[in-house]
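Along the sequence shown, residues carry numbers from 1. The analysis underlying the following values was restricted to heavy atoms, covering all of them including side chains, and did not include hydrogens, waters or symmetry mates.
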Amino acid sequence: MSGWLAIAGLGPGDDRLVTPEVSAALAQATDVVGYIPYVARVAPREGLVLHPSDNRVELDRARAALQMAAEGKRVVVVSSGDPGVFAMASAVFEALETRPDWQALDIRVLPGITAMLAAAAAAGAPLGHDFCCINLSDNLKPWEVIETRLRHAARADFAMAFYNPRSASRPEGFAKALAVLLQECGPERLITFARAVSTPDQRLSTVSLGEATPEMADMRTVVIVGNSATRRVGPWVYSPRSAK
């Protein structure tokens with residue numbers, strides 16, 4: 001049996017947002033590997049083995065998946081959103097660097113709809129012009145790097161999407177990020193909080209930076225800060241496609 005490995009994005013939460021390509025790979029898989037809540041989104045069936053694991057063992061998970069593919073299994077590594085956006089695709093290729101014998105494997109990255117794009121669609125079009133995306137977690141990079149990127153992005157007048165804004169283990173980080181943004185962008189800049197986007201628990205709120213508080217975000221929230229031209233139209237928020 002010829003093995004292969006697919007690194008697949010399950011989208012932001014709604015099963016209707018899983019792409020047909022990803023669904024087809026899951027239907028053919030012998031093994032599914034991923035973080036516990038993401039693997040739980042895959043329906044069990046005969047002939048499929050599920051391998052859930054903790055969130056902080058990405059490289060171990062990647063190596064295990066590659067080993068199974070090398071043994072002839074059809075393996076899908078699942079992430080939420082898109083696997084190339086703060087997710088498992090990078091971990092798989094990092095593991096692959098150390099094993100030249102695995103580099104001839106049939107490996108495919110299957111894109112998914114990101115939480116960032118689902119959140120922007122729910123709000124309107126706040127990412128309608130140039131934008132950047134920053135992970136606010138300091139687990140894998142120091143706060144000084146995050147702050148530098150925040151300041152440069154704000155000064156360049158990008159709209160900004162933020163992942164992992166605030167967790168129980170690092171509640172102070174988002175407060176510092178808001179302080180930087182308030183200093184660089186001013187209190188009138190629009191900021192959108194999109195929690196559990198595309199799920200029944202979805203909650204959407206747009207306020208000014210001056211009204212924003214750290215408690216408005218948690219790990220299930222994507223935060224989008226507009227650029228200087230971002231504005232409201234009815235219940236929507238959008239960034240014009242032209243820049244002045």
Side-chain angles (χ1 to χ4, degrees), residues 8-19 22 35 37-38 41 55 78-89 110-137 146 149-150 153-154 156-167 170-171 173-175 177-178 180-182 185 188-241:
L10 296 177
D14 189 330
D15 288 344
R16 294 173 299 177
L17 299 182
V18 179
T19 70
V22 168
Y35 179 36
Y38 306 152
R41 291 179 56 186
N55 195 32
V78 292
S79 296
S80 66
D82 181 278
V85 179
F86 307 128
M88 281 301 298
L110 310 182
I113 297 171
T114 70
M116 167 184 66
L117 296 180
L127 304 179
H129 198 47
D130 297 339
F131 69 91
C132 66
C133 182
I134 301 174
N135 189 337
L136 294 182
S137 170
I146 297 171
R149 292 176 180 174
L150 283 174
D157 202 22
F158 285 109
M160 295 167 273
F162 302 123
Y163 278 69
N164 301 321
R166 185 171 180 269
S167 70
R170 45 178 185 80
F174 189 52
L178 284 177
V180 170
L181 291 167
L182 191 61
C185 301
E188 300 306 315
R189 186 69 59 90
L190 294 177
I191 180 171
T192 297
F193 297 86
R195 187 180 188 278
V197 67
S198 87
T199 77
D201 297 324
Q202 176 175 305
R203 187 169 70 244
L204 202 69
S205 174
T206 298
V207 298
S208 69
L209 267 175
E211 298 170 310
T213 65
E215 295 74 24
M216 291 179 174
D218 62 14
M219 286 294 284
R220 296 189 70 192
T221 307
V222 173
V223 180
I224 298 177
V225 175
N227 63 25
S228 60
T230 302
R231 51 189 181 261
R232 297 177 187 266
V233 53
W236 309 103
V237 177
Y238 85 104
S239 298
R241 293 185 63 196

Restricting to side-chain contact (heavy atoms from CB on, under 4.5 Å), what partner residues turn up for [X], sequence neighbours left out?
X: P111; result: E21, D82
X: Y38; result: L10, Y35, V78, S80
X: I146; result: L136, D138, K141, W143, L150
X: E188; result: none

Q.
Test your reading of the model: is there a side-chain donor-acceptor pair from S79 to the backbone of M88, 3.5 Å cut-off?
A.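 Indeed, once roles are kept as given, a pair shorter than 3.5 Å links the two residues.
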Rounded to the nearest 0.5 Å, what separation is found between the [atom1] atom of [X] and the [atom2] atom of [Y]?
X: M216; Y: T192; atom1: CE; atom2: OG1; answer: 11.5 Å
X: M160; Y: L127; atom1: CE; atom2: CG; answer: 11.0 Å
X: N164; Y: N135; atom1: CG; atom2: CG; answer: 4.5 Å

Q: Walk me through it: do L178 and I191 pass the test side chain to side chain contact (heavy atoms under 4.5 Å, CB included)?
A: CA-CA 10 Å; L178 284 177; I191 180 171; 3.9 Å; yes
**Q.** Sequence neighbours excluded, every pair satisfying side chain to side chain donor-acceptor pair (under 3.5 Å) that has a member inside residues 195-204
**A.**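 Found R195-D218.
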Closest non-hydrogen atom pair between [X] and [Y], with its separation:
X: C132; Y: F158; result: SG-CB, 4.1 Å
X: A217; Y: F174; result: CB-CE2, 3.7 Å
X: G9; Y: V22; result: O-CG2, 3.5 Å
X: L17; Y: P12; result: CD1-CG, 3.6 Å
X: A122; Y: L204; result: O-CD2, 3.4 Å

(Q) Suppose we screen for salt bridge (Lys or Arg N to Asp or Glu O under 4.0 Å). Which residues come up paired with D14, at least two apart in sequence or across chains? (A)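 Listed in chain order: R16.
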Q) Does atom CZ of R41 have more than 12 heavy-atom neighbours from other groups under 6.0 Å away? A)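 More than 12 within 6.0 Å, yes.
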Q. Who passes ring pair (Phe, Tyr, Trp, His ring centres under 6.0 Å) against Y163, sequence neighbours left out?
A.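 Scan of Y163 (ring pair (Phe, Tyr, Trp, His ring centres under 6.0 Å), adjacent residues dropped) gives F86.
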Would a 4.5 Å heavy-atom cut-off, applied to side chains only, mark [X] and [Y] as touching?
X: L110; Y: P83; answer: no
X: L181; Y: F162; answer: yes
X: R166; Y: E215; answer: yes

Show me the donor-acceptor pairs within less than 3.5 Å that the side chains of residues 224-233 make with the rest of the protein, sequence neighbours left out.
| from | atom 1 | to | atom 2 | distance (Å) |
| --- | --- | --- | --- | --- |
| N227 | OD1 | A229 | N | 2.8 |
| N227 | OD1 | T230 | N | 3.0 |
| N227 | OD1 | T230 | OG1 | 3.0 |
| S228 | OG | D157 | OD1 | 3.4 |
| S228 | OG | D157 | OD2 | 2.6 |
| T230 | OG1 | N227 | N | 2.8 |
| T230 | OG1 | N227 | O | 3.4 |
| T230 | OG1 | S239 | OG | 2.6 |
| R231 | NE | Y238 | OH | 3.3 |
| R231 | NH1 | A229 | O | 3.3 |
| R231 | NH2 | Y238 | OH | 3.1 |
| R232 | NH2 | T206 | O | 3.0 |

